There are 2 protein chains.
Amino acid sequence: MSIFHNPLSQNLGSVRLIPLGGSGNVTKNMYVYEYRRDPKTISDILIVDCGIGFPDEDMYGVDLVIPDISYLRDKKDKIRAIVLTHGHEDHIAALPYILPELKVPVYGTRLTAALTEVKLQDFGLHAQVHTVGLQDVLRFGPFSVEFVHVTHSIPDAANLIIRTPVGIFYHGSDFKFDWTPIDGLQTEVGKIAKTAQDGILCLLSDCVRVESPGYTLSEKSIEETLEKEIRNCPGKFIFTTQSSNISRIQQAINVAVKNNRKIAFLGRSIVENVEVTRRLKYLDFPDMLVVNEKEIRKYKPTDLAIIVTGSQAQPHSALMRMAQGQHKFASVNPGDVVVFSADPIPGYENAVHQLIDILTASGARVAYSDITDALHVSGHGAANDLALMIGLTRPKYIMPIGGTFRQMRHYADMAKNMGYLDKQLILPKDGEIIEFDGNHNFKITQRLDLKNIMVDGLGVGDIGNVVLRDRQTMANDGILIVVVPIEQNSGRVTAEPDIISRGFIYMKESGKLLDDARKVIVNSLRLKKGRLIDWQYVRKQIEGNLEEFLYRETHRRPLILSVVIKV
Amino acid sequence: MSIFHNPLSQNLGSVRLIPLGGSGNVTKNMYVYEYRRDPKTISDILIVDCGIGFPDEDMYGVDLVIPDISYLRDKKDKIRAIVLTHGHEDHIAALPYILPELKVPVYGTRLTAALTEVKLQDFGLHAQVHTVGLQDVLRFGPFSVEFVHVTHSIPDAANLIIRTPVGIFYHGSDFKFDWTPIDGLQTEVGKIAKTAQDGILCLLSDCVRVESPGYTLSEKSIEETLEKEIRNCPGKFIFTTQSSNISRIQQAINVAVKNNRKIAFLGRSIVENVEVTRRLKYLDFPDMLVVNEKEIRKYKPTDLAIIVTGSQAQPHSALMRMAQGQHKFASVNPGDVVVFSADPIPGYENAVHQLIDILTASGARVAYSDITDALHVSGHGAANDLALMIGLTRPKYIMPIGGTFRQMRHYADMAKNMGYLDKQLILPKDGEIIEFDGNHNFKITQRLDLKNIMVDGLGVGDIGNVVLRDRQTMANDGILIVVVPIEQNSGRVTAEPDIISRGFIYMKESGKLLDDARKVIVNSLRLKKGRLIDWQYVRKQIEGNLEEFLYRETHRRPLILSVVIKV
C-alpha cells in the first residue's frame with residue numbers, strides 16, 4: 001500500500017503504545033502513547049482514558065481497582081494531556097486517584113467533562129476539565145487529536161483520531177453504529193472514512209461483543225417495549241437501569257409523559273446523573289412532572305413512574321430497599337410493574353435473580369430480559385458493527401481493546417476472515433509495549449510488570465497479597481487466636497493459654513474441641529527447663545500443631561495466630 | 001369433573017404435602033407426603049428425594065446446604081421409605097447426612113440406586129438401595145408408587161405416580177421430552193396418559209426452564225457439533241461436561257471412536273462415574289480404546305480425546321490444572337481444541353470465562369456455547385415440554401417445583417393461558433404445608449420455620465448466623481485484636497496493650513495508624529482508681545472507640561476483638 005511508503009522514515013522517530021489497563025480485560029481503561037524522536041529519549045506522552053476496574057471475586061473487601069502508573073512516575077514532565085473518550089466509570093473514574101499525582105490537563109466532550117468534574121469534586125478536587133468540540137484539533141507536541149462522535153450507551157461518546165509523525169492511530173474505544181439514537185446524533189462515519197484516505201496505521205477497536213453475530217440493535221427499539229409495559233401497568237411503573245444510561249432514562253421519561261404519569265427519581269447516582277445531564281440539556285423533561293420522593297405516597301400508583309437505582313441488585317440501592325420494605329418513601333405492591341432495562345453484569349446474575357424473586361413474591365410483575373425481548377440493548381457493537389469499523393478505517397494494523405483475551409482472539413479470527421493476516425493483528429497483554437517505527441513496522445519491545453492497585457475504603461494500593469490471602473482464609477474458615485502470657489524475665493508461662501475464635505465454630509457449643517485444642521497447646525509448650533527459649537519457634541510449633549489437630553477434627557483450616565504476651 | 005366427585009370423602013382422610021426443599025429454589029429437593037386417616041394422627045410418611053443445595057454467595061466457607069429435617073424428628077417411626085427420582089446430587093446427595101438418622105429403606109431405578117450406594121460408601125455407609133423396575137408397584141401403607149421413565153440429562157431418570165386414598169399425585173421432578181435420547185429410551189407418555197384417565201389430583205412439575213420458549217432440543221443434536229469439532233482438530237480433543245451427564249460423555253466417546261482417537265478420562269468424579277455407569281452398561285466403549293493418564297504423553301495429540309472434569313472451572317479440577325500447567329500428565333497446547341459442553345451454573349460465569357481466557361492464551365481453540373451453537377442442551381423441559389406434561393396429566397391442581405419463585409410464577413402464568421384458574425395453582429414457599437382432603441380440596445395449613453443446614457468440612461449444622469457474620473466482616477475488612485494484660489488481683493494493667501491485625505492493613509507500613517490506635521486504647525483504659533473495674537464494660541469501650549477511630553481514618557470496619565488477660 002503506497003500510502004504507507006515513506007523514504008524518509010528513519011527521521012520520524014517512533015511511537016510506543018502501552019495499555020496500562022483495558023487490554024485483556026473490559027474495564028480499567030488507560031492507554032499511553034509515547035513519542036521518541038531518537039530511540040533513547042521520550043519527548044512527549046499522551047494518555048487516553050483513566051478508568052476503574054471491578055475487583056475479582058477473590059479480592060475480598062476491595063472496592064475497586066485502578067491502573068498501575070508506576071511506569072509514568074519518572075516521566076511526569078513529559079505527559080502533555082489526558083484525553084477522555086466518554087463519561088463511563090471504566091474510562092474516567094480512576095482520575096481522582098491519579099490526577100493529583102500526574103497534574104496534567106484533562107480533555108473531553110461537554111458531557112464527559114461535566115461528569116468528570118463531578119467525579120473529581122466528590123473527592124474534593126476542583127480541577128477543570130477542558131471541553132472539546134467535534135471541530136477542534138488539539139495539539140500536544142507531536143500529537144494532534146480530533147474527536148469523532150460515536151453512538152454508545154451514554155451521550156457525547158467519542159473515538160479519537162491521533163495523528164503522530166509515524167502514522168495515524170484510530171482510538172476506537174466503546175462504540176456501536178446506532179442509526180436511530182435517542183439524541184439523534186449518529187456516529188460520524190464520514191469523518192472516519194475521510195481519515196482513512198490519509199491512511200490509518202493502527203485501529204484500536206472495542207471488541208467486547210464480537211461473539212454476538214449481526215449488528216447491535218438501536219436504542220430506539222426499546223421504547224416500544226417500555227410503552228407496552230407502562231400502558232398495561234395497573235400499579236406503579238418502576239424502571240431501573242444503569243445510572244449512566246442517560247438515553248434509557250430519557251426513554252422511560254418519554255413513555256411516562258405519554259401515559260400521563262408523574263416521575264420520581266430514587267437513588268443517589270440516578271438523582272446526581274439526572275441533575276447534571278439535565279442542566280447540560282442531555283436530558284429533557286418539564287419540571288412540573290417531577291415528584292419529590294417524600295410525596296410519592298400522596299399519588300395514586302397508576303399516576304406514578306419511578307426511575308430507580310439498583311439494576312444490578314446493589315445491596316443498599318433504592319430498588320433493593322423498596323423490595324425489602326426498607327425504603328422510607330416507596331414500596332413494591334401487587335399490581336406494580338418493575339422493568340429491568342439492563343443485563344446483569346457477569347458475577348451479579350445471582351444477586352439480580354434473587355432480587356427478581358423477592359419482587360415477584362411481593363406481587364409485582366417483573367419484566368427482565370430473560371423473559372421479555374427488547375428491554376435492553378448493549379452500547380457496544382456486535383460482530384458486524386466491528387467489521388464495519390474495520391471497513392471504514394482500513395488500517396494497516398488492528399489491535400482489539402476493552403475485551404477479554406478470548407474476545408480479542410475471536411476478533412482476530414473475524415479480521416482474518418476479512419483478509420487481514422496474523423502479522424497485522426496485535427493482541428498484547430496488559431503492560432506490553434508495542435513500538436511503531438517510521439517504516440510502519442511494529443514490534444513488542446518489553447512487558448511491564450503491572451500490579452493490581454486495589455482501593456479499599458480510603459486506602460489506595462495499601463492492600464497486597466498477604467492481606468488478601470488472610471481475608472480469604474478467614475472468609476472460608478475464620479480465625480483462632482491463642483494468647484500465651486509469659487513472665488518478662490524468666491520466660492515462665494504465667495497463666496493458662498487463652499483461646500478465642502471468630503468465624504470458625506460456635507464456641508459455646510464446642511467445649512470438647514476447645515479443651516482438646518488447649519491440650520495441644522500445653523503439649524507444644526513443654527519446654528526444656530533452663531534453656532533460652534526461642535519464642536518465635538515456640539509460636540510456630542503451637543500454630544503448626546493446632547493446624548494439624550483442627551484439620552483432623554473439623555476439616556477446616558482457620559487462620560491460626562499465637563500471641564506471646566510478656567508481662 | 002365427575003371423576004373427582006366422591007360422596008364417601010369424609011372417610012378418606014387427608015394427605016399433607018410438605019416441600020422441605022426444592023420449592024422456591026432449584027436444588028436441595030426433598031418432599032414429604034404424609035397421610036392421616038383421622039385429622040390428628042399421622043399414620044404414614046413417604047419421602048421423595050434427598051438432595052443437597054449450593055450455598056449462597058454470602059455463606060462464606062460453606063461447602064453445601066442440606067434440607068432441614070427437624071419436622072421429621074419425632075415422626076421417624078412413621079416414615080415408610082425414601083424414593084429417589086434420579087441420580088443427580090440435588091436429589092440424592094444429602095442422604096449420607098440424613099439416612100443415618102432416619103434409617104429407612106431407600107428405593108430408586110438401577111442407575112440411581114448404584115450412584116446412591118457409591119455416594120453412601122464415600123461416607124463409609126453401606127446401606128443397600130432397593131432397585132425398582134418400571135413395571136413394579138411399590139406399596140407403603142396407604143401409598144402406592146410407580147416409576148415413569150423420563151428423559152433427562154442422566155439415564156434412568158423417573159417421575160413418580162403416587163396413589164393415595166385422597167387421589168393421585170404425579171411427582172414430575174426433572175424431565176424433558178427427548179424423542180431421540182442417546183440411550184433410545186423415551187419418556188413413557190403412554191403410562192402418563194393412562195394414569196390421567198384415572199384422574200390426577202395434583203401434578204408437581206419441574207419449572208426451571210419455563211422462561212425458555214418452545215421445546216428443549218434433543219441430546220442428539222449435539223453429536224453433530226462434536227463431530228465437526230473433532231474432525232477439524234489439529235491437536236488433542238479435550239472435552240468437558242458435568243460428570244453426571246453420562247449421555248454427553250457417551251457422545252464424546254462416540255465421536256472419538258469414529259475419528260480413531262484413544263480416550264483418556266481425567267478427574268476423580270468423571271473416572272468414578274464412568275466406572276459405575278459402564279459396569280451397569282449405561283456407558284458403552286471397548287477397553288482397548290482407553291489410555292491411562294500416565295500414558296497420555298506417549299501418544300500423538302491427534303490420536304487423543306481427553307474427557308475431563310472442570311466444566312464449571314472448579315479450582316482443583318483436572319481441566320483447571322491442565323490450563324495452569326499444573327497437571328502431572330496432561331497439558332493444553334497450541335492446536336488443541338477444548339469443548340465446553342455445559343453452560344456455566346449461575347454464579348460460576350466469571351470463573352468459567354476466566355478459564356476460557358487462560359485456555360485461549362495457551363493457544364487452544366475453545367468452543368463454548370456463547371460462540372458455538374448446539375454444544376449444550378438442558379436436561380429440563382422448556383415451556384412447551386412443560387405444557388405437554390400438563391396436557392398429558394390433566395390434573396386438578398398444579399404445583400411447580402424445582403424452580404425459583406419467579407419461575408413458579410411464570411409457570412403459573414403459562415398454566416393460566418392453558419385454562420387453569422388461580423385456585424388450581426399451588427405456589428408454596430419452602431416449608432408450607434399443603435393439605436388435600438377427600439373432597440379434593442386443598443388448603444395451606446401452616447408454615448414450618450426451615451433453617452439452612454450448612455455443611456462445612458466435617459461439621460453439619462454447626463455453622464450459624466453469628467459465625468457467618470464474623471466471616472463476612474473478616475472477609476471484607478479483616479480483624480484487629482487488642483490484648484490487655486492485667487494483674488489478677490489488683491486489676492492493674494501490667495504492660496502496654498498489644499495490637500495484632502490480619503487482613504486489615506499491611507502492618508509493617510502502618511506505623512502511625514497503629515501508634516494512634518494505641519493512644520485510643522490507652523485513653524479507653526484511663527480508669528478511676530480504687531473502683532471495682534467492670535472489664536466487660538472496658539472491653540466494649542475499647543472496641544467502640546477503636547471502631548470509630550479506624551473507620552474515620554480508613555473507612556474500613558474490621559472485626560475488633562479486645563482480650564483482657566489476667567496474669
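Every chain is numbered from 1 and lettered A, B, ... according to where its sequence line falls, protein lines coming before strand lines. The structure displayed is predicted, hence computed values, not measured ones.
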Toward chain B, the part of A/I505 with a non-hydrogen atom under 4.5 Å: both
Contact leader toward chain B among A/Q472, A/H410, A/M59, A/R469, where contacts are heavy-atom pairs under 4.5 Å: A/H410
Within 6.0 angstrom of B/N465 CG, more than 12 heavy atoms from elsewhere: no
Among A/S510, A/G503, A/P213, A/P344, residue most engaged with chain B (heavy-atom pairs, under 4.5 Å): A/G503
Interface moiety of A/H353 toward chain B, non-hydrogen atoms closer than 4.5 Å: both
Test side chain to side chain contact (heavy atoms under 4.5 Å, CB included) applied to B/N476 - qualifying residues, sequence neighbours left out: none
Interchain contact, A/L561 with chain B, by part (heavy-atom threshold 4.5 Å): side chain
Pairwise distance CD(B/Q354) to OG1(A/T404) - rounded to 0.5 angstrom: 10.0 Å
A/R502 vs B/L559 side-chain heavy atoms within contact, under 4.5 Å: yes
Atom group of A/E211 that falls short of 4.5 Å from chain B, counting heavy atoms: both
Contact origin within A/I481 toward chain B - heavy atom pairs under 4.5 Å: side chain
All pairs passing side chain to side chain donor-acceptor pair (under 3.5 Å) where residues 550-560 of chain B contributes a residue, at least two apart: A/D456-B/R556, A/D462-B/R556, B/E547-B/R557
Residue part contacting chain A, namely of B/V210, when any heavy atom lies under 4.5 Å: neither
Per-residue contact mode, A/V366 against chain B (heavy atom under 4.5 angstrom): neither
Heavy-atom closest contact (A/F405 atom, B/T360 atom, distance): CD2-CG2, 4.1 Å
Interchain contact, B/D477 with chain A, by part (heavy-atom threshold 4.5 Å): both
Least distance between heavy atoms, A/F504 atom then B/R471 atom: O-NH2, 3.6 Å
Heavy-atom proximity to chain A below 4.5 Å, by part of B/Y348: neither
Leading residue by heavy atom contact count with chain A [cutoff under 4.5 Å; candidates B/A475, B/G459, B/P485, B/S212]: B/A475
Part of B/I479 within contact of chain A (heavy atom distance under 4.5 Å): both
Segment of A/D56 engaging chain B (4.5 angstrom heavy-atom cut-off): side chain
Proximity breakdown for A/I565 and chain B, heavy-atom pairs closer than 4.5 Å: side chain
